[in-house]
Amino acid sequence: MDQITARVPRTMVEALDAAAAALRRSRADVVRHALERYLEDFDDLTVAVERLRDPSDPVLDWDEVRGGLLRSD
């Protein structure tokens, strides 16, 4: 595993230490988990933006979709 170093504000370190203590995990575990979540979200957002920019992807009218869903109940 590679190692990285980051400078963060003291308040963030205090919050990290509190979270690590509450979770009974190390700082590294909490940071690793947070980065995994962040990168998953980043990937999801990247895919969403790519789809929004895809001119071949059909655009749905919200009012039509909503009306169709309400009628299906």
Just to verify, what does [X] make a side chain to side chain contact (heavy atoms under 4.5 Å, CB included) with, not counting sequence neighbours?
X: Arg24; result: none
X: Asp57; result: Arg51, Asp54
X: Glu40; result: Arg37
X: Arg7; result: none

- Query: For the atom pair CZ (Arg32) and CD1 (Ile4), what is the distance rounded to the nearest 0.5 Å?
  - Reply: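 Arg32 atom CZ to Ile4 atom CD1 measures 10.0 Å (nearest 0.5 Å).
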
- Message: side chain to side chain contact (heavy atoms under 4.5 Å, CB included), that's the test. Do Leu69 and Val65 meet it? Break it down for me.
- Response: CA-CA 6 Å; Leu69 290 171; Val65 171; 4.0 Å; yes

- Does Ser26 have any side-chain hydrogen bond (donor to acceptor under 3.5 Å, both in side chains) partners at least two apart in sequence or in another chain, and if so, which?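 Ser26: side-chain hydrogen bond (donor to acceptor under 3.5 Å, both in side chains) contacts with Asp29.
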
Let me have the donor-acceptor pairs involving side chains of residues 11-22, under 3.5 Å, with sequence neighbours excluded, atom names and distances please.
unit_1	atom_1	unit_2	atom_2	d
Asp17	OD1	Arg27	NE	2.5
Asp17	OD1	Arg27	NH2	3.3
Asp17	OD2	Arg27	NH2	3.0

- Query: Do Leu35 and Val31 come within less than 4.5 Å of each other through their side chains, counting heavy atoms only?
  - Reply: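 Yes. Closest side-chain heavy atoms under 4.5 Å.
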
- Over all atoms of both residues, closest heavy-atom pair of Glu64 and Arg71: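 Looking at all heavy atoms of both residues, the shortest contact is O-NH2, 4.5 Å.
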
